Amino acid sequence: MTPIKVTVIIPTHNTGEDVMVGLTALRKQSMPRTDFEVLYVDDGSTDDTVAFLERELADEDNMHVVPMTNSGWPGRPRNTGVDRARGEYVHFVDDDDWLSPQALERLYARAEETDADIVIGRMAGHGRGAPRAPFARPLERGSVRENPVLLGSMTVHKLFRRQFLLDHGLRFEEGRVRLEDHLFTLRAYLLAKQVSTVPDYTTYHWVRHRNGKHNISYTPIEPAPYIGSVRRIIALLHAPDTHVSDDDLRHRFTANWYGSKALKRLTGRGFLGQDEERRAAWRQEVIALAADLPDAVDRHLPERLRPLSRLCRSGDHEGIHAYTRYESEVGHLPKVQEATWRDEALHVRTRTSLVRTDPETGESTPLLFRRAVHEAPSGKKRVRWIWQPPAPLDDLPGIAPALDFTQPLKHAKAQGLVHHKAGGTELVVTTGTSELRPTPHEADPDLWEMHWVTECTIDPAGVDEISGPLEPGAWHVCLRLNVGGWLSSPRLSGVKLSVPADAKPETAERQRTASDVHHHPLHGVAKVAVPVLRRVFPAAAYQALRDRYRRLITSDRRPAPVSAALEELQRAHQAQAVSVSSSRRT
C-alpha cells in the first residue's frame with residue numbers, strides 16, 4: 001500500500017451540500033489521490049450531511065466520513081481526525097473553506113525540503129482579512145522565538161507533522177472553549193523545532209459567512225470565558241514545557257494577545273454597537289486582566305492601544321468609552337496624484353493624510369501632533385512627535401509615554417497593495433518611495449498634520465520578489481498605511497487593474513517558474529541584498545536591477561507562454577484593460 005503523505009481533517013456540522021465547495025477543490029488537487037486522504041469528521045449533524053457525504057464519497061477510496069456524537073465545538077472532531085489519520089502530515093480545514101489546486105503538493109514538498117514540523121501556506125480571505133506579514137518573505141526552518149511574525153497566523157489551517165503532535169500530546173481543547181485554535185497553535189509553535197512557510201502560492205481560502213452559517217463554533221461571545229481563554233494562552237508562556245525565559249520576548253508575546261484579543265475588544269464599531277450592559281462587562285474583564293499584567297507589557301503594544309491600556313489600568317470606564325468613540329474612526333485618506341503605464345508596469349503616485357472621520361457628519365479632520373525639540377548634551381537636536389489626544393486623556397497619570405508617536409511615525413510606510421477580486425489574494429507591491437511630510441496645521445502652526453507621498457510600481461509579471469505573475473482577473477489597487485496600529489487599506493479611486501485570462505501560463509510551467517527561483521545559486525545572495533539595495537538605490541535604479549536579476553535567473557526556465565502572455569497584456573493595456581479614470585481627484 002502506498003504510504004499516505006497528508007491527511008486532510010475537516011470537521012462538519014449541518015453543512016449539507018455546501019460541503020461541495022471544499023470537496024470539489026480536494027478532487028482537483030495536483031497531489032495524486034493515492035498520496036493523500038480526507039476525513040470528514042461529523043460533529044453530530046441533525047440534517048442530512050452524513051448521508052449526503054456517504055453518497056458523494058461512495059466511489060472515493062481516499063475520502064471517508066467519520067460520524068460522532070455532538071460536542072458543539074471543532075476540538076473533539078479534530079482530535080478524532082488526528083487519531084484516525086494515516087498520513088505523515090495532517091492539514092486542518094474548515095468545512096466552509098477550500099484549498100487551491102497545488103496546496104497539498106506544495107505544502108508537503110516544503111515540509112520535506114525543510115524538515116519542518118509545521119508548514120504555513122499563504123492565505124486568502126473571503127469576507128474577512130487574511131494574514132500577510134508571515135508571508136512577506138520566505139521562512140525556512142524558523143521558530144516563533146526567533147520569528148515572532150509567525151504570531152500573525154494563529155489559526156490551525158496549516159500542515160502539521162502527525163508524529164510531532166503525538167510526541168508532545170498536542171490536543172485541542174474539547175467542549176466550548178474560546179480561542180481553542182490559539183491555545184493549540186501557540187503551544188505547537190513553542191514546541192516545534194522548525195517552522196516553514198509557502199509564501200509564493202495561495203494555498204488556503206478562508207471564508208466568513210456573515211450569518212455564521214455552518215460554523216460549528218459560531219455563537220455569541222461572552223466576555224468572561226473569552227478573556228479567561230486569553231489568560232490561559234498567556235499562561236502557556238510560563239508553562240514548564242513551553243516556557244519563554246527571555247523576559248522581553250515573553251512581554252512581547254503577552255502583548256500580542258492582550259492587545260489583539262483583549263484591548264481590541266473595547267474598540268471599533270462592533271463594540272460601540274453593543275448595549276451598555278454588555279460593553280461594561282467587556283470593560284470589567286479587560287480591566288481585571290490589565291491589573292494582572294506587568295507595566296512592561298505596554299511598550300510592546302501598538303501605540304494606538306497604549307492610551308487605552310493606561311485607561312484600563314486606571315479602571316476608568318468613562319474614559320475607555322470616550323477614547324473608543326474617538327479612535328475607532330481614525331484612518332487615512334489617499335488621493336491619486338499620478339497613475340501612468342510604462343515599461344509594462346503601472347506606476348502610481350499618491351498622497352495620503354492621517355485623519356479622523358466623524359461618523360455622524362462624515363467630515364474628516366487631521367490628527368494633530370506637537371513638535372518637541374530636545375537638545376542632547378552633545379548639542380545634537382532630536383525631534384519628538386507628541387500626539388494631541390481627546391480630552392479624557394489630558395490628565396491621566398502615566399499617559400505621557402503613551403502619547404509619544406515619534407517611532408511609529410518614523411517607521412510608518414504607505415505601501416501599494418493589490419487585492420484579487422475573485423480569489424481573495426492580497427499582495428504588497430514594490431514601493432519605491434514613501435516619504436513622511438509633516439505640515440503645520442493651518443489654524444494652529446504649533447501643531448502639525450501628517451502626510452505621506454508614496455510611489456509604487458505594479459508589475460503584472462511579479463509585484464514582489466516571491467509571488468510570480470498576477471493571476472488573471474480584476475485586481476483592486478489599494479494604499480496600505482499602518483501608523484502605530486491604525487491600519488487601513490482603502491482602495492484608490494479611479495485606478496483599475498485587469499489581467500487578461502490568457503496571461504496565465506500552463507499550471508506545470510507556472511509552478512516551475514514560481515518555485516525554481518528559490519533554488520537558484522543567486523537566490524540566497526538576493527535575499528540578503530534586497531533590503532540593502534532598496535534603501536541605497538533610487539526607486540528606478542532598484543527596479544532596473546531587480547528586473548535584470550529576474551531575467552538572469554529565469555532566462556533558461558521561463559516558458560514561452562509567459563512572454564506571449566505579457567505581450568498580450570501590454571496590448572490589452574493599450575486597449576485600456578489597465579485604466580486610470582480621468583475623473584479621479586488630485
Side-chain angles (χ1 to χ4, degrees), residues 2 4-68 70 74 76-87 89-108 121-128 130 155-160 162 181 198 201-209 211-218 422-425 507:
T2 303
I4 300 296
K5 294 179 178 177
V6 181
T7 297
V8 180
I9 299 171
I10 308 174
T12 59
H13 178 73
N14 290 349
T15 311
E17 295 187 12
D18 289 339
V19 77
M20 286 302 299
V21 174
L23 176 55
T24 301
L26 288 165
R27 285 170 169 165
K28 293 179 179 179
Q29 287 298 302
S30 58
M31 177 178 278
R33 294 284 186 94
T34 54
D35 287 351
F36 74 97
E37 65 173 354
V38 181
L39 299 181
Y40 285 96
V41 187
D42 187 78
D43 192 57
S45 288
T46 56
D47 63 1
D48 63 348
T49 296
V50 172
F52 175 80
L53 280 169
E54 287 175 342
R55 290 194 304 271
E56 192 66 33
L57 305 181
D59 297 327
E60 300 280 5
D61 294 335
N62 67 326
M63 300 187 185
H64 311 281
V65 186
V66 182
M68 56 178 285
N70 180 258
R76 192 196 300 172
R78 287 170 178 158
N79 288 337
T80 300
V82 173
D83 292 340
R84 299 204 180 192
R86 294 180 296 145
Y89 294 86
V90 297
H91 194 302
F92 299 106
V93 176
D94 287 347
D95 61 358
D96 46 0
D97 300 338
W98 74 91
L99 296 174
S100 297
Q102 299 172 32
L104 295 181
E105 184 177 3
R106 286 185 178 235
L107 288 163
Y108 180 80
R122 192 175 74 196
M123 301 177 71
H126 302 267
R128 68 194 315 160
T155 66
V156 298
H157 309 127
K158 302 170 175 60
L159 192 76
F160 295 87
R162 182 171 180 266
D181 50 349
V198 175
Y201 180 78
T202 299
T203 64
Y204 197 91
H205 293 264
W206 195 23
V207 179
R208 170 179 286 153
H209 293 283
N211 59 357
K213 187 179 180 182
H214 51 72
N215 182 330
I216 67 177
S217 60
Y218 182 83
T425 297
T507 299

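Remember, it's a predicted structure, so these values are computed and weren't measured experimentally.
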For Thr46, the side-chain contact (heavy atoms from CB on, under 4.5 Å) test, sequence neighbours excluded, returns Asn14
Do side-chain atoms of His13 reach the backbone of Asp43 as a donor and acceptor pair under 3.5 angstrom? yes
Glu37 pairs by side chain to side chain donor-acceptor pair (under 3.5 Å) with which of Lys5, Arg86, His64? Arg86
Within-4.5 Å side-chain heavy-atom neighbours: Thr425 and Arg122: yes
I'd like to know if the side chain of Ser100 reaches the main chain of Thr202, judged simply by a donor and an acceptor atom lying under 3.5 Å from each other, with no hydrogens or angles considered. yes
Step by step, work out the salt bridge (Lys or Arg N to Asp or Glu O under 4.0 Å) result for Arg27 and Glu56. CA-CA 12 Å; Arg27 285 170 169 165; Glu56 192 66 33; 3.0 Å; yes
Start with the C-alpha distance between Phe92 and Phe160, add both sets of side-chain angles, then the distance that settles ring pair (Phe, Tyr, Trp, His ring centres under 6.0 Å), and finish with yes or no. CA-CA 9 Å; Phe92 299 106; Phe160 295 87; 5.8 Å; yes
If the condition is salt bridge (Lys or Arg N to Asp or Glu O under 4.0 Å), which residues does Arg78 pass it with, not counting sequence neighbours? Asp94, Glu180
Using a 3.5 Å distance criterion without hydrogens, assess whether the side chain of Thr7 forms a donor-acceptor pair with backbone atoms of Gly87. yes
With a 3.5 Å distance limit and no angle check, can you tell me whether Thr80 reaches the backbone of Arg76 through a side-chain donor-acceptor pair? yes
Classify the ring geometry between Trp98 and His126 as parallel (under 30°), tilted (30 to 60°) or perpendicular (over 60°). tilted
Distance-only donor-acceptor check, side chains Thr15 and Asp95, under 3.5 Å: yes
Could you work out, with salt bridge (Lys or Arg N to Asp or Glu O under 4.0 Å) as the rule, every residue matching Arg33, not counting sequence neighbours? Glu60
Say you draw a straight line from CD of Gln29 to CG of Asp35; how long is it, rounded to the nearest 0.5 Å? 11.5 Å
Is the backbone of Gln102 close enough, under 3.5 Å, to the side chain of Tyr201 for a donor and an acceptor to pair up by distance? yes
